[in-house]
Amino acid sequence: MSDPDRIPVIVAVGEASGCGTALNLEPLGLIRRAAKSISGVAAAPLLSRADSIAVCHIASWSYEHPSAFLATSFGAQPSDLFDAPIGGQWPARLLDRAAARIASGESTIAVIAGGEAQASVSAMTKAGRDPADAGWTTSPGGPPSFDMNQLGSAAMQLAGLITPVRIYPLFENRLRFETAESPRAQMERCSDLYAAFSRVAESNPYSWNGTARTAADIGTPSPLNRMICEPYPLSMNAMPFVDQAACVIVTSLSKARENAVPESDIVYVWGGAGAEDTSDILDRNSFGRSLAMESTLDRTLNAASIGVDRIDVLDVYSCFPIVPTLATRHLRAPASLIPSVTGGHSSFGGPLSSHSLHSIAASVRAIRGGQHCALVHANGGYMTYQHSILLGDAEHQGGYIGDPEPTEIAHDSPVRARAESGEVVVESVCVEHSRQQEPAQAFLVARDTDGRRIAAQTAVGDIESARMLSLYRTSTPTETVGTTIAIESVEGHIRVQERQQ
């Protein structure tokens with residue numbers, strides 16, 4: 001056995017959720033509520049003795065230094081305060097970071113927290129109320145600011161590829177083409193996956209939407225489940241309008257025992273790995289896979305010298321179905337292993353950068369309930385930043401085996417060109433629908449006759465071009481990727497003139 005002073009363990013998790021109802025609590029208030037929920041356990045006093053506090057990025061309300069705010073709230077005087085930048089990968093990376101610091105002796109007690117109150121912000125805004133008037137922190141704090149550079153490169157912005165709802169479908173649609181899956185089979189696969197997630201969410205007391213749904217309900221577009229961007233209807237998109245928070249306490253095994261934490265409450269942090277892809281998706285050599293995800297999962301399991309057969313609990317980030325689909329395919333996970341322990345972003349809730357902290361909390365509960373090993377995967381950006389981590393019911397024989405610093409993925413990036421009039425082959429495409437449930441605008445990545453990659457968007461109001469690139473151009477869904485189309489370049493947009501098989 002390793003030195004108990006250097007064995008990182010989770011001793012407490014706390015969560016807070018409005019469970020479908022806005023609480024009118026600011027994010028830090030929600031986090032304090034999550035921390036307060038662990039007050040009845042032996043580990044609770046460790047909050048005030050934390051030497052490290054890290055906070056996931058908070059998007060729904062702005063704070064200058066949230067980790068310092070929590071330190072004061074907990075009555076702690078930590079030497080390490082860390083406020084993470086935006087990114088869904090950070091909960092797993094912060095846990096790996098905390099475990100590494102404990103394993104090296106730099107830290108003894110670490111707290112990781114995160115939360116969002118977008119449901120309350122939206123409700124107040126709709127009612128004409130200013131959260132600041134309701135007592136939300138404004139010094140320092142206030143409404144969040146927004147940096148256009150976070151949306152993507154200049155080329156991505158010019159092509160309209162600036163939001164997750166447009167970009168993740170590009171990967172889904174390319175994967176469908178590369179695997180020769182029909183649009184109908186693709187919809188059935190995604191619907192079955194998210195129906196399974198909703199059943200998990202139904203048993204999670206912190207879920208935002210705690211009602212199980214059928215695959216038919218999830219996969220059938222309707223006025224309440226309108227198509228957002230092909231092939232994903234609303235039910236397959238993350239739900240960020242939630243009030244949810246989580247708090248995790250990590251310490252050494254010796255400190256846990258010193259504080260009389262029951263052995264049954266102790267969950268061992270084995271460690272993990274991460275990778276970062278190029279942030280400009282137009283520089284990636286494939287839309288049918290994620291090299292950063294594959295590297296992250298492989299290195300995490302290889303460091304622990306285990307295979308997927310040893311995983312009892314699997315939670316994969318699920319902002320859109322393509323992420324768990326790519327992960328489970330790469331892992332070759334058995335169909336019986338549902339890749340969510342929370343219930344996923346659509347049913348459980350998608351509190352942006354802190355979602356996977358809830359995955360960690362739910363995994364801890366699963367291990368305390370009798371499972372042996374959990375793998376939590378977290379994703380950030382446009383499938384750009386990846387981190388995964390392993391938890392166990394016993395110490396790993398190698399001690400801490402993680403690496404919190406991500407590796408950078410190199411690409412043999414394709415030659416790029418501006419979209420010009422002529423024929424191109426569709427590499428991937430997504431079509432955004434209007435609230436009237438009609439194709440409204442298309443976003444295209446293609447190859448010109450010289451093999452160069454081009455990216456472009458149709459003009460707002462050019463419904464015919466969007467329809468030409470839609471899966472639903474005819475009564476039977478038909479493939480769009482891989483087809484040759486004739487385009488005309490008009491004032492920074494493209495007009496589709498002809499589509500061939």
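Both backbone and side-chain heavy atoms feed into the values below; hydrogens, waters and symmetry mates do not.
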Using atom types as modelled and distance alone, determine if a side-chain donor or acceptor of Asn204 lies under 3.5 Å from a backbone N or O of Thr342. yes
Check: Ile7 main-chain N/O paired with Tyr268 side-chain donor or acceptor under 3.5 Å: no
Does the pair Asp283/Arg453 count as a salt bridge with the N-to-O cut at 4.0 Å? no
Take Arg284 and Ser279 through the side-chain hydrogen bond (donor to acceptor under 3.5 Å, both in side chains) test and state the conclusion after the steps. CA-CA 9 Å; Arg284 299 189 199 175; Ser279 60; over 6 Å; no
For Thr325 and Thr328, the nearest pair of non-hydrogen atoms, with its separation, is O-OG1, 3.2 Å
For Ala92 versus Ala378, what's the shortest heavy-atom pair and its separation? CB-CB, 3.9 Å
Flag the pair Asp243 / Ser17 as yes when at least one side-chain heavy-atom distance between them is below 4.5 Å, and no otherwise. no
Results of side chain to side chain contact (heavy atoms under 4.5 Å, CB included) for Pro404 - residues two or more places apart only: Asp96, Arg97, Ala100, Tyr400
How far apart are the closest heavy atoms of Ala333 and Leu337, and which atoms are they? CB-CD2, 4.5 Å
Show your reasoning for whether side chain to side chain contact (heavy atoms under 4.5 Å, CB included) applies to Trp90 and Ser353. CA-CA 7 Å; Trp90 277 103; Ser353 296; 5.8 Å; no
Can you find a heavy atom in the side chain of Arg416 that is under 4.5 Å from one in the side chain of Asp280? yes
Where the side chain of Trp136 meets the backbone of Pro27, is there a donor-acceptor pair that is under 3.5 Å apart? no
Assess whether a salt bridge exists between Glu178 and Arg289, defined as any Lys/Arg side-chain N lying under 4.0 Å from an Asp/Glu carboxylate O. no
Do the rings of Tyr63 and Phe69 sit parallel, tilted or perpendicular, given the 30° and 60° boundaries? tilted
Counting only N and O atoms by type, is there a donor-acceptor contact under 3.5 Å from the side chain of Arg32 to the main-chain atoms of Ser73? no
Output yes when a side-chain donor or acceptor of Ser120 lies under 3.5 Å from a complementary backbone atom of Leu23, and no otherwise. yes
Around Glu106, counting heavy atoms of other residues, nucleotides and ligands shown, do more than 12 lie under 6.0 Å from its CD? yes
Spacing of NE2 belonging to His330 relative to CE belonging to Met293, to within rounding of 0.5 Å: 9.5 Å
Under 3.5 Å, is there a donor-acceptor pair between the side chain of Arg93 and the main chain of Gly274? no
I'd like to know if Glu15 and Arg33 make a salt bridge, using a cut-off of under 4.0 Å between side-chain N and carboxylate O. no
Is a side-chain N or O of Ser52 found less than 3.5 angstrom from the main chain of Ala110, in a donor-acceptor match? no
Audit row: Asn209, Ser347, side-chain hydrogen bond (donor to acceptor under 3.5 Å, both in side chains) steps and yes/no: CA-CA 5 Å; Asn209 299 311; Ser347 293; over 6 Å; no
In sequence, state the C-alpha distance, the side-chain angles, and the governing distance for Ser388 and Thr300, and then conclude on side-chain hydrogen bond (donor to acceptor under 3.5 Å, both in side chains). CA-CA 7 Å; Ser388 59; Thr300 297; 2.7 Å; yes
With a 6.0 Å cut-off on ring centres, are His345 and Tyr317 close enough? yes
Would you say Glu408 has more than 12 foreign heavy atoms packed within less than 6.0 Å of its CD? no
Shortest non-hydrogen separation from Arg166 to Cys229 and the atoms involved: CA-SG, 4.1 Å
Report yes if some heavy atom in the side chain of Ile53 is under 4.5 Å from a heavy atom in the side chain of Asp80; otherwise report no. no
Leu375 and Leu331, any side-chain heavy atoms less than 4.5 Å apart: yes
Testing the basics here: between Tyr232 and Pro169, what is the closest heavy-atom pair and its distance to 0.1 Å? CD1-CG, 3.8 Å
Within residues 365-391 or reaching into it, pairs that qualify as ring pair (Phe, Tyr, Trp, His ring centres under 6.0 Å) - sequence neighbours excluded: none
Check the surroundings of atom CZ in Arg310: do more than 12 heavy atoms from other residues, nucleotides or ligands lie under 6.0 Å from it? no
Testing Asn259, Thr108, Thr251 for side chain to side chain donor-acceptor pair (under 3.5 Å) with Arg49, which one passes? Asn259
Would you say His57 and Asp83 are linked by a side-chain donor-acceptor pair, where the criterion is simply a distance under 3.5 Å? no
May I ask you to decide if His411's main-chain N or O and Asn285's side chain share a donor-acceptor pair within less than 3.5 Å? no
Side chains of Arg299 and Ser295: is there a donor and an acceptor less than 3.5 Å apart? yes
Reported CD1-to-CD distance for the pair Ile31 and Glu116, which is rounded to 0.5 angstrom: 8.5 Å
Is there side-chain contact between Pro131 and Glu26, with heavy atoms separated by less than 4.5 Å? no
Run the side chain to side chain contact (heavy atoms under 4.5 Å, CB included) check on Val242 and Gln118 step by step: do they pass? CA-CA 5 Å; Val242 298; Gln118 192 59 55; 5.9 Å; no
Determine yes or no for a side-chain-to-main-chain donor-acceptor pair under 3.5 angstrom, with Arg368 supplying the side chain and Asp265 the backbone. yes
Could you walk me through whether Val269 and Ile389 pass side chain to side chain contact (heavy atoms under 4.5 Å, CB included), step by step? CA-CA 8 Å; Val269 184; Ile389 195 157; 3.8 Å; yes
Please report the closest heavy-atom contact between Asn173 and Pro231, naming both atoms and the distance. OD1-CD, 3.3 Å
Please check if any side-chain donor atom of Tyr168 sits under 3.5 Å from a side-chain acceptor atom of Asn379, or the reverse. yes
Nearest 0.5 Å please: distance from the CE atom of Met383 over to the CG atom of Leu170. 9.5 Å
Measuring only between side-chain heavy atoms, which start at C-beta, is Ile10 closer than 4.5 Å to Ile360? yes
So, using side chain to side chain contact (heavy atoms under 4.5 Å, CB included) as the criterion, who are the partners of Glu64 when residues are at least two apart? Pro140
Leu357 CG to Cys247 SG distance, which is reported to the nearest 0.5 Å: 8.0 Å
Side chains of Asp277 and Gln386, heavy atoms from C-beta outward: is any pair under 4.5 Å? no
What verdict does the side chain to side chain contact (heavy atoms under 4.5 Å, CB included) test give for Ile306 and Leu390, after you've listed the backbone C-alpha separation in whole Å, the side-chain angles of each residue and the deciding distance to 0.1 Å? CA-CA 11 Å; Ile306 64 171; Leu390 288 163; 4.1 Å; yes
For the rings on Phe348 and Tyr206, is their centre-to-centre separation under 6.0 Å? no
Polar side-chain atom of Ser354 near backbone of Pro351 as donor-acceptor pair, under 3.5 Å: yes
Does Lys255 pair with Glu258 as a salt bridge, N-O distance under 4.0 Å? yes
Between Glu395 and Ser2, is the side-chain hydrogen bond (donor to acceptor under 3.5 Å, both in side chains) condition met? List the steps. CA-CA 9 Å; Glu395 179 194 359; Ser2 305; 2.8 Å; yes
I want to check something: taking the side chain as every heavy atom from C-beta on, are Thr21 and Cys19 in contact at a cut-off of under 4.5 Å? no
